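Read through the structure below, which is laid out as structure tokens, and then see the notes.
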Amino acid sequence: MTTVHPEQRPDDVVTDADTSLARPTEQDEVAAAGSELIGGPVGRRARTGYGWWSPVRVIALVMIGLFALGMVQKLPCYNGGWFYGQTTQYVHACYSDIPHLYNGRGFADGLTPYVDRIPAEVSGGMEYLEYPVLTGVFMKIAAWMTPAGGDIVEREQVYWLVNAGMLMVCAVVIAVCVARTHRRRPWDALLVALAPAFALNATINWDLFAVALTAVGMMLWARGRPLGAGVLLGLATAAKLYPVLLLGPLLVLCWRAGRWRAFGAALGGAALSWAAVNLPVLIWAPQGWSKFYTFSQERPVDFGSLWLIISQRTGVPLGSDSVNTWAIVLMLAGCAGIAALAFCAPRRPRFAQLAFLVLALFVLTNKVYSPQYVLWLIPLAALARPRWRDFLIWQSGEVLYFFGIWMYLAWTGSGDAHQGLPTEGYQLAIAAHLTGTLYLCAMVVRDALRPEHDPVRRDGTDDPSGGVLDRATDVFVLGHRKRPVRQPVPPAHTLVRWGTPPAR
């Protein structure tokens, strides 16, 4: 008789009914308490995952329901708040860039992004579209699907609905990919599908497109397909710049495990796919292509950042050049600390853990924090620290910030001291967001340093999102260079009949 860990089986053999699937209600006290709403924790003799109601399908349906609730939350703006009244969209906390940029970036007039110059009277001084190429393609496709002619307000409403439909598909892809990344823990994707900040921010901007591409890339890496993962990460970077940061964690983890070929494949795939999308636009319309990068560099200190609190509290305006320099210095110092964690931890940290830490560091040090940026972190948080208590503590700070920024804009736009949130209150909302993110980072770092606290590793699992890194032998560990460290094999109770026994 031969045995193998469930994650080593071919894709067509793994089933959602596998008895080795982790059950959150048996491992998480918050999940167990919350399950009382639907009948209580799963029983010892329960047959879960049989029939049509597999975990992935349930999670996809929950995500659709959550996304729909987020659309309902935007109804006051859809019914007029986006178009009439200076502060209505802020008072109802239902603002979205999507309807405003339909006309403001020339899509209503049929302009081609990056090629056609946007008229100053509609763009507010923005000559070209300030979004990466693949996001511009996404926006243009939605514009093609929006009927031309007629009242501009109705066309902006339809444009938002078309984008919402496309973004809903992205949301489902994200939830399914998270469920499939940790094969034994599909129910952790409910953290994504039930995240309140996800529903509130899903249709503010087009970030979900890049998040979906990133989620597919991480799933492919977890399946041991580094080239495909790199291609998806490159495409995600062509839609939003942040996914390129994930190559950093892959570099240090592959360095520790000696998996240079896999990292090279991922890096090469990312570079080729990014270039395939960007080079044609760069050659054809260099000024339009470069607008995103110059805009990001020249953008002043803006909402949600630590730098804004410093500027407001000290009364000293901070120039974009000096903040750019300090943000880069802090980012590099933080990345050095994360690399040290990767090389010095007693066990090689999981890919999802380092990916979350790097993106959280970028969010904390950046000169602007738009509320939809939380969407970048939610899938990674579900993979890095799948504990409902810590996840909800972090989400509470993000929800507070979501309402804080709109109330602050209502206060600044109305000039009424009795309407909205004054500067001091907004600073507290920023502090809540920063504190919540730091708290979750601290828990992830603790898990990396003390793996016995890691919910994913408690059953003997190593790194289910690590792909070729999962259960790989360490070849470079600071302080242990002369004695390679082999990751432990899962205990016998997690092994099932199939194939060839794992190497010991």
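This one's a predicted model, so the numbers in the text were calculated from it and none came from an experiment. Values below: every heavy atom of this structure, side chains too, minus hydrogens, waters and symmetry copies.
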Could you pull out the closest heavy-atom pair between [X] and [Y], with the gap in Å?
X	Y	value
Gly136	Pro113	O-CG, 4.2 Å
Ser320	Lys367	CB-NZ, 4.1 Å
Ile174	Ala212	CG1-CA, 3.5 Å
Ala429	Leu400	CB-O, 4.2 Å

(request) Walk me through it: do Leu361 and Cys335 pass the test side-chain contact (heavy atoms from CB on, under 4.5 Å)? (result) CA-CA 8 Å; Leu361 175 65; Cys335 287; 4.0 Å; yes
(request) Please determine if Arg387 and Asp390 form a salt bridge, counting it only when a charged side-chain N lies under 4.0 Å from a carboxylate O. (result) no
(message) Strictly below 4.0 Å, N to O, side chains only: are Asp454 and Arg347 in salt-bridge contact?
(response) no
Which distance, rounded to the nearest 0.5 Å, do you find between the [atom1] of [X] and the [atom2] of [Y]?
X	Y	atom1	atom2	result
Phe351	Phe356	CZ	CZ	14.0 Å
Leu354	Leu245	CG	CG	13.0 Å
Trp160	Asp97	CH2	CG	13.5 Å
Leu191	Arg385	CG	CZ	11.0 Å
Lys74	Met71	NZ	CE	10.0 Å
Asn201	Phe402	CG	CZ	5.5 Å

Heavy-atom check, side chain of [X] versus side chain of [Y], under 4.5 Å:
X	Y	value
Ile378	Trp394	yes
Leu383	Asp188	no
Phe107	Leu129	yes
Trp187	Val58	yes
Thr203	Phe67	yes

(request) Step by step, work out the side-chain contact (heavy atoms from CB on, under 4.5 Å) result for Val363 and Leu359. (result) CA-CA 6 Å; Val363 163; Leu359 286 191; 5.6 Å; no
(message) Please verify the inter-ring angle class for Phe303 with Tyr426; under 30° counts as parallel, over 60° as perpendicular, anything in between as tilted.
(response) perpendicular
(message) Ignoring hydrogens and geometry beyond distance, is a side-chain donor-acceptor pair present between Ser465 and Asp463 at under 3.5 Å?
(response) yes
(message) Pairing donors with acceptors under 3.5 angstrom, does anything connect the side chains of Asp116 and Tyr114?
(response) no
(message) For Trp255 and Phe263, I'd like to know if the aromatic rings sit close, meaning centre-to-centre distance below 6.0 Å.
(response) no
(request) Would you please indicate yes or no on a ring centroid separation below 6.0 angstrom for Phe138 and Tyr131? (result) no
